[in-house]
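Read through the structure below, which is laid out as structure tokens, and then see the notes.
In each ligand, atom 1 is the first atom listed, and ligand 1 is the first ligand listed.
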Amino acid sequence: MMKTASSHASQSILDNLHSTVMVIDQQLCVQSLNPSGEMLFHISEARACGQHINKLVINEHEFYDRLERSLASNHPYSVFDSELLTHTGKIIEVDYMVSPLDQLAEQSSLLLEFIPKNRNNRIALEQELLNQQEASRSLLRGLAHEIKNPLGGLRGAAQLLQRELETDENREFTRIIIREADRLQGLVDRMLGPRTIPNKTPLNIHKVLEHVRQLVAAENETITIEADYDPSLPDINADESMLIQAVLNVTRNAVAAVSHNDGHIRFKTRTVRNQAIGNHTWALAARIDITDNGEGIPEDIKQKIFLPMITGRADGTGLGLSIAQSLINEHKGLIECSSKPGETTFTIILPLENGHD
Ligand SMILES: Nc1ncnc2c1ncn2[C@@H]1O[C@H](COP(=O)(O)OP(=O)(O)OP(=O)(O)O)[C@@H](O)[C@H]1O
Ligand SMILES: [Mg+2]
């Protein structure tokens with residue numbers, strides 16, 4: 001068939017598009033792929049045509065199911081922030097839209113548009129954030145170190161003075177100095193953070209979570225933590241007390257957030273495949289979600305809660321999350337959070353095995 005001027009123009013548009021456009025038929029076989037798609041999937045249009053979509057995007061049964069349902073129902077749909085594994089073993093992060101074509105014809109087909117996310121950009125951003133947080137942590141550690149020694153001297157001197165003082169009234173003053181010095185000492189110790197080298201052993205993550213659950217139950221009789229565990233989660237090579245501390249810091253915040261209302265906290269564990277952490281992708285990772293139904297994180301501090309000394313509470317020191325993050329970083333993991341009123345989830349991801357760049 002002779003191509004008209006307008007079909008030439010459409011072809012040229014498709015060829016020059018930055019996003020990927022693909023057409024698949026009722027059997028989910030590729031009918032056409034534009035040059036951007038050839039780059040995204042590392043396959044020429046000639047080789048892709050006639051291949052089932054599962055030869056390009058592998059092991060994504062939910063993805064195939066939805067394509068079939070869209071064909072059957074003639075309904076378009078969009079998916080955002082999706083990660084798809086391609087036949088070259090590469091994971092692509094994309095938003096994609098699926099639209100049924102030829103709705104009146106007997107042989108319907110689907111138009112797929114893939115818009116790649118700029119993953120490099122995201123990694124650079126994450127890295128910058130981590131560097132920033134590391135810089136504030138070391139500033140704080142330096143400061144804490146400087147305070148620590150004179151504080152010890154101050155406390156010792158107050159103790160000596162206390163022995164010399166005759167009246168109880170006067171000794172009350174030295175008692176105040178000692179008490180406040182102890183309080184500062186506690187703060188300074190937390191600012192210095194855990195500096196020990198992790199002692200990693202094979203560990204069942206549920207043992208850590210159960211430990212925290214019992215601690216919290218002992219501290220608060222009114223709050224119960226629901227457990228939704230994936231029993232197939234393999235052991236992880238980790239330092240038990242560091243992980244307990246990290247999970248405890250996050251859970252204590254959840255407890256504080258729900259303590260005024262009918263609070264609910266849930267621990268959920270799952271395995272995740274092909275998890276990207278920084279510029280590394282791990283074949284298998286453990287995911288721990290700690291969810292509460294409190295008021296959510298105040299908007300004005302939402303972007304900086306992992307920085308030290310950022311707190312939304314009158315009695316908070318703002319160190320808990322910063323410490324939790326450095327403990328999780330020690331295990332090459334990541335900690336992130338999503339929050340809206342009534343549902344706040346902190347997610348800890350810990351790699352299990354087989355990383356590749
Ligand atoms: N689950 C949550 N729900 C609502 N706000 C939260 C939650 N977790 C953290 N936040 C907010 O983030 C802030 C920072 O938490 P972080 O644990 O670092 O410090 P903190 O709890 O204030 O003090 P501390 O050093 O005693 O832990 C909290 O003060 C709180 O405002
Ligand atoms: Mg806290």
For atom 24 (P) of ligand 1, what's the nearest protein heavy atom and its distance? Thr317 OG1, 3.5 Å
Using a cut-off of 2.8 Å, how many protein N, O or S atoms lie below it in distance from the Mg ion (ligand 2)? 1
Please confirm whether Ile301 comes under 4.0 Å of ligand 1, counting heavy atoms of the residue only. yes
Which part of Glu295 is near ligand 1, with near meaning a heavy atom under 4.0 Å away: side chain, backbone, both or neither? neither
Consider only side-chain N and O atoms of Thr20 and Ser36, and report whether a donor and an acceptor are under 3.5 Å apart. yes
Looking at every heavy atom in both Gln26 and Ser108, which two are closest together, and how far apart are they? CG-O, 3.3 Å
With a 3.5 Å cut-off and no angle check, do the side chains of Asn34 and Glu38 form a donor-acceptor pair? no
Say whether Thr271 and Arg287, considering side chains only, have a donor N or O and an acceptor N or O under 3.5 Å apart. no
Residue, atom name and distance, where the atom is the protein heavy atom closest to atom 12 (O) of ligand 1: Ile305 CG2, 3.3 Å
Thr347 and Asp289 side chains, donor-acceptor separation under 3.5 Å: yes
Could you check atom 8 (N) of ligand 1 against the protein and tell me its nearest heavy-atom contact, residue, atom and distance included? Asn253 CB, 3.2 Å
If you link I, L, V, M, F, W and Y whenever their side-chain heavy atoms are under 4.5 Å apart, who else ends up in the same group as Leu139? none
Sub-3.5 Å N/O-N/O distance, Asn249 and ligand 1: no
Closest non-hydrogen atoms of Ile349 and Ala285, given as atom of the first, atom of the second and distance, are CG2-CB, 3.9 Å
Any idea which atoms of ligand 1 are less than 4.0 Å away from a heavy-atom of Gly316? 22 (O), 23 (O)
Do Phe63 and Tyr96 have their ring centres less than 6.0 Å from each other? yes
Which of the numbered atoms in ligand 1 are below 4.0 angstrom from a heavy atom of Gly296? 4 (C), 5 (N)
Part of Ile297 with heavy atoms under 4.0 Å of ligand 1, whether side chain, backbone, both or neither: both
For Asp25 versus Leu71, what's the shortest heavy-atom pair and its separation? O-CD1, 3.9 Å
Any N or O on Ala257 sitting closer than 3.5 Å to an N or O of ligand 1? no
For ligand 1, indicate whether the residue Phe306 contacts it via side chain, backbone, both or neither (heavy-atom separation under 4.0 Å). neither
Flag side-chain contact, heavy atom, 4.5 Å: Lys302 against Ser339: yes
Looking only at protein heavy atoms, which one is nearest to atom 14 (C) of ligand 1, and how far off is it? Ile310 O, 3.3 Å
For Ile115 against Met97, the heavy-atom pair lying closest together: CD1-CE, 4.0 Å
Name the closest protein heavy atom to atom 30 (C) of ligand 1, giving the residue it belongs to and the distance to 0.1 Å. Gly312 N, 4.1 Å
Starting from atom 22 (O) of ligand 1, find the nearest protein heavy-atom neighbour and note its residue, name and distance. Thr311 OG1, 2.5 Å
When you measure from atom 18 (O) of ligand 1 to every protein heavy atom, which one gives the shortest distance, and what is it? Leu321 N, 2.9 Å
What protein heavy atom sits nearest atom 20 (P) of ligand 1, and how far off is it? Gly318 N, 3.7 Å
So which atom in Asp81 and which in Asp95 form the shortest heavy-atom distance, rounded to 0.1 Å? N-OD1, 2.8 Å
When you check the side-chain N and O atoms of Thr269 and His206, is any donor under 3.5 Å from an acceptor? yes
For Asp292, state whether at least one heavy atom is located under 4.0 Å from any atom of ligand 1. yes
Nearest to atom 27 (O) of ligand 1 by heavy atom, Ala256, Gly320, Ala314: which? Gly320
What are the two closest non-hydrogen atoms of Asp235 and Leu352, and how far apart are they? O-CD2, 3.7 Å
side-chain contact (heavy atoms from CB on, under 4.5 Å) partner of Ile265, the single match among Thr344, Asn293, Val255: Val255
Does ligand 1 come near enough to Leu319 that some N or O of the ligand is less than 3.5 Å from an N or O of the residue? yes
